[in-house]
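Input: a single structure, listed below in structure tokens.
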Amino acid sequence: MLESAEIRTEFPREVREIEDAWIPMPDGKRLAARIWLPVDAESDPAPAILEYLPYRKRDGTVERDHLTHPYFAGHGYAGVRVDLRGTGDSEGVCLGEYLKQEQDDCLAVIEWLAAQPWCSGKVGMIGISWGGFNGLQVAARRPEALGAVISLCSTDDRYADDIHFMGGCMLTDKLSWGATAFSICNTPPDPAIVGDRWRGMWVERLESNGLWMLDWFRHQRRDGFYAHGSVCENYADIEVPVYAVGGWADGYTNAIFRMLEHLPGPKKGLIGPWAHKYPHFAKPGPRIGFLQECLRWWDQHLKGIETGIMEEPELRAWVNFPAVPSPRNEDRPGRWVAEPEWNGGRKEVLSLYPGEHGLTASPSRKGITLSSAETAGWTSGAWCGYGAIPDGPLDQNGEAGLMTIFETDVLDEEFDIFGFPLLHADVSSDTHHANVAAVLSAVGEDGRATLVSYGVLNLTHRASHTSPERMPLAQPQPVTIQLNACGQRVDKGQRLRLALSTALWPVIWPSSEKATLRIEPGSARLDLPVRPNRDSDEELAPFPPPEGASPAPIKQHSRSHYDRRREVDLTTGGETYSRSSSAGPATHMHTGLTVKRSCSERFHVHPEDPNSAIGTCRWCESYSRDDWKAEVRTEVSVHALRDCWRIEASLVARDADGIVAERQWNEDVPRDLV
């Protein structure tokens, strides 16, 4: 993950490791932990930095754990990595995401950490994705010892900005991530840690875990299911300092702007060009010395050392400069800018109007009709990019003939778009259910179009995600589509493109009916937030280069593989979009554990039939050491029928003696205005 020049082997304080620690829970279960701390911590206690995840500390996150937690320990902190209940080597069963049990357990973990003789009594939480979520959620529970949080690639709103929905449209990531979580939660503990009871613990998981995704599909409105764990329900619950971090290529960046605007306590935001990874090894670059930035945050809030971090601008962000479209970028050109505070931003608004003459400064006198093929959107890339694989957006010219496209004339000056673009329009529909998508691109002088942002709206959710209503037939309704936040320089000589469609496949599932939409003449307006240049941008001190502790010793027996394809059946017209990846086998030299993982996803739809959409995700995870082995194979499918979501799943678990468990699920979940 890090180049050798960036690896630190010497630190201000010598580090020791407690590889296998057990943290007792009030109900008698124990959570497995791995702890790095200064060797002299009992005579000079250190604050603890907790990362609390279901992703298997033994092998799942071991590479980044080795870079991060020993680094913190070497600078006077206890780096603590804990497996959630029922995951990795921890006892019990994990029954879902972000449950109250998960939060309650974390409160007990924090209390235990604060009471250890090597701990100063102060605890910080850091985490990305799931760990970023529960850092915010636990902060809202106000444990006494928690002093600060760093939350990366997370959300304040589980309905609006998670794998479930965007603009009330159902994301296909509900299936993709649902299948991934289904596989992870059914993997076994390591017998080297838990001993002979490993098989009994595994059977308990296999028999007690359900298919979490069924609950996710049963809740299609913003109800109490999503309100739980959404800290936006009451931002004032969070009093500790929060550092919210993300990247433009990630799926969770919108939340950073909301949290900076609404959290009442000390807060900072950082947005780079990055995908869903920690910024000291994320792609696209530039990567930064993120662990050094973390230390400044921890020193300020857990040790009371004035580092100057709170005197700096509240938000620091990378503005992407123009680049040719590519599914994978090693780096993105651009520059850092700063906002002293974020309350919607001090911005100008550039209003553009789509119509018969393109994207212009004047409202159109003609209406716009939209009725797209269900395959429109195939160039969009992953909803949440991971950067290290080619999962990013492609040249948007691939949407020619699929989306309705409007372009400006060649621009005669440069400017920065920074914030949330908004599309306003009065829209009528010939069906009661319909989706609409808006895609913003920058077209270079060579004609290639690079994605800047996009947004979608389920028109039944035009006024409310809590109480959606069917579209009245042929009656114009005012709607606003919020595109994802972006930071993008648009150059002189480029053109801006707005593409509209009734589909964005395979980012969102199709609506239950094929719709024709009409946008009323003169009603469509695209508002772009334009950020002026500021002298303060030039005063920013550069981030230091990335650093980390020594990598985990891992022997790769084969190269990792990633494949992404779009295939068209020239006989039927159906299209299949597929992704597959494999990692390993790889042996973790410090544990002797050999791990292999593979995943494949396949999404199929006919361009004229929204009810033909089907997605299937398969996972295989295997673990072995000497004569011990365990394997989990899962398959999950979702078929988007007119009136229901047809969900089918299977699981087969094996050890060296054969099948340990075999389960199947089949359920039709009624569609609820989605």
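These values consider heavy atoms only, across backbone and side chains, with no hydrogens, waters or symmetry-generated copies.
- For Ser129 and His276, the side-chain atoms include at least one donor-acceptor pair closer than 3.5 Å.
- Remark: the backbone N or O of Trp216 is paired with a side-chain donor or acceptor of Lys174 at under 3.5 angstrom.
- Residues forming a side-chain hydrogen bond (donor to acceptor under 3.5 Å, both in side chains) with Arg597 (at least two apart in sequence, or on another chain): Asp59, Glu621.
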Discussion item. Side chain to side chain contact (heavy atoms under 4.5 Å, CB included), that's the test. Do Thr68 and His280 meet it? Break it down for me.
Written reply: CA-CA 10 Å; Thr68 302; His280 50 307; 3.7 Å; yes
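- Judged by distance alone, the side chains of Glu97 and Trp177 do bring a donor and an acceptor atom under 3.5 Å apart.
- Not counting sequence neighbours, Glu63 has no partner by the salt bridge (charged side-chain N to carboxylate O under 4.0 Å, His left out) test.
- Annotation: side chain of Asp44 is in contact with side chain of Arg13 (closest heavy-atom distance under 4.5 Å).
- Heavy-atom minimum distance, Pro273 versus Pro284: O-CG, 3.2 Å.
- Summarising the geometry of Thr87 relative to Cys94, their closest heavy-atom pair is CG2-CB, 3.9 Å, with the distance given to 0.1 Å.
- Evaluation of the ring pair (Phe, Tyr, Trp, His ring centres under 6.0 Å) test over residues 135-158, restricted to residues two or more places apart or in two chains, returns none.
- Applying the side chain to side chain donor-acceptor pair (under 3.5 Å) test to every pair with at least one member in residues 23-33, sequence neighbours left out, gives these pairs: Asp27-Arg85, Arg30-Glu91.
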Worksheet item: Taking it one step at a time, do Phe182 and Trp212 satisfy ring-ring contact (aromatic ring centres under 6.0 Å, His included)?
Response: CA-CA 7 Å; Phe182 180 51; Trp212 304 350; 8.8 Å; no
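- Inter-residue side-chain proximity for Pro264 and Glu239 is flagged as unmet; no heavy-atom pair is nearer than 4.5 Å.
- Of the possible donor and acceptor atoms, none in the side chain of Arg332 sits under 3.5 Å from a partner among the backbone N and O of Asn329.
- Between Trp198 and Ile193, every side-chain heavy-atom pair lies at or beyond the 4.5 Å cut-off.
- Listed by first and then second residue, the salt bridge (Lys or Arg N to Asp or Glu O under 4.0 Å) pairs that reach into residues 75-84 are Asp65-Arg81, Arg81-Asp83, sequence neighbours excluded.
- Aromatic rings from Trp248 and Trp274 are positioned such that their centres are separated by 6.0 Å or more.
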Practice prompt. Apply salt bridge (Lys or Arg N to Asp or Glu O under 4.0 Å) to Glu631 and Arg633, showing your working.
Written response: CA-CA 7 Å; Glu631 179 185 88; Arg633 289 183 178 270; 3.1 Å; yes
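- Side-chain N or O atoms of Arg158 include none that pairs as donor or acceptor with a backbone N or O of Ala227 at under 3.5 Å.
- Every residue was checked against the salt bridge (charged side-chain N to carboxylate O under 4.0 Å, His left out) condition with Lys629, not counting sequence neighbours, and none meets it.
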Fill in: side chain to side chain contact (heavy atoms under 4.5 Å, CB included) evaluation trace for Leu206 with Leu651
CA-CA 9 Å; Leu206 294 168; Leu651 176 151; 3.9 Å; yes
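- Across Thr634, Thr180, Asn186, a single residue satisfies side-chain hydrogen bond (donor to acceptor under 3.5 Å, both in side chains) together with Trp619, and that is Thr180.
- Side chain of Ser230 to backbone of Tyr226: a donor-acceptor contact under 3.5 angstrom is found.
- Partners of Arg58 according to the side-chain hydrogen bond (donor to acceptor under 3.5 Å, both in side chains) rule, which considers only residues two or more places apart in sequence or in another chain, are Glu19, Asp190.
- By the 4.5 Å heavy-atom criterion applied to side chains, Val632 and Cys620 are not counted as neighbours.
- Checked against the 6.0 Å centroid threshold, Trp336 and Phe543 count as a close aromatic pair.
- The local environment of CG in Asn234 is crowded, with over 12 non-hydrogen atoms from other residues, nucleotides or ligands closer than 6.0 Å.
- Using a 4.5 Å cut-off on side-chain heavy atoms (C-beta onward), Arg142 and Asp237 make contact.
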Item to complete: Start with the C-alpha distance between Ile49 and Val80, add both sets of side-chain angles, then the distance that settles side chain to side chain contact (heavy atoms under 4.5 Å, CB included), and finish with yes or no.
Response: CA-CA 6 Å; Ile49 309 301; Val80 183; over 6 Å; no
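- Remark: the Thr9 side chain and the Ser550 side chain contain no N/O donor-acceptor pair separated by less than 3.5 Å.
- The closest side-chain heavy-atom distance from Arg654 to Val660 is not below 4.5 Å.
- Residue pairs meeting the salt bridge (Lys or Arg N to Asp or Glu O under 4.0 Å) criterion with at least one member in residues 300-310, sequence neighbours excluded, do not occur.
- Not a single salt bridge (charged side-chain N to carboxylate O under 4.0 Å, His left out) links Glu42 to another residue, sequence neighbours left out.
- Sorted by first then second residue, the ring pair (Phe, Tyr, Trp, His ring centres under 6.0 Å) pairs that include residues 49-69, not counting sequence neighbours, are Trp36-His69, His66-His590.
- Side-chain atoms of Glu314 come within 3.5 Å of backbone N or O of Trp342 as a donor-acceptor pair.
- Judged purely by distance below 3.5 Å, without hydrogens or angles, the side chains of Glu102 and Asn134 pair a donor atom with an acceptor atom.
- Within the structure, the ring pair (Phe, Tyr, Trp, His ring centres under 6.0 Å) test picks out the following pairs touching residues 97-151 (sequence neighbours left out): Tyr98-Trp130, Tyr98-Phe133, Phe133-Tyr252.
- Of all heavy-atom pairs spanning Ala275 and Cys153, the tightest one is O-SG, 4.4 Å.
- Judged by distance alone, the side chains of Tyr623 and Asp655 never bring a donor and an acceptor atom under 3.5 Å apart.
- For the residue pair Ser154 / Ser151, a side-chain donor-acceptor distance below 3.5 Å is found, with atom types taken as modelled.
- Of all heavy-atom pairs between Met125 and Ile110, the closest is SD-CD1, 4.1 Å.
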Item to complete: Check the pair Thr587, His557 against side chain to side chain donor-acceptor pair (under 3.5 Å), reporting the backbone distance first and the verdict last.
Response: CA-CA 8 Å; Thr587 300; His557 301 287; 2.7 Å; yes
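- The salt bridge (Lys or Arg N to Asp or Glu O under 4.0 Å) pairs that include a residue from residues 251-263 are Asp156-Arg258, Asp161-Arg258, where partners are two or more places apart or lie in different chains.
- Between Pro241 and His301, the shortest heavy-atom contact is CG-ND1, 3.4 Å.
- Taking each heavy atom of Leu31 and Leu84 in turn, the nearest pair found is CD2-C, 4.3 Å.
- Of the candidates Lys267, Lys268, Glu293, Arg296, Tyr243 forms a side-chain hydrogen bond (donor to acceptor under 3.5 Å, both in side chains) with just one, namely Glu293.
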Worksheet item: Does the pair His228 and Gln137 meet the rule for a side chain to side chain contact (heavy atoms under 4.5 Å, CB included), with working shown?
Response: CA-CA 9 Å; His228 171 77; Gln137 294 163 6; 6.0 Å; no
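- Ion pair Asp20/Arg34 not flagged as a salt bridge, since none of the NZ, NE, NH1 or NH2 atoms sits closer than 4.0 Å to an Asp/Glu carboxylate oxygen.
- Electrostatic pairing of Arg328 and Glu330 counts as a salt bridge here, judged by a charged N lying under 4.0 Å from a carboxylate O.
- Aromatic pair His75/Phe11: ring centres closer than 6.0 Å.
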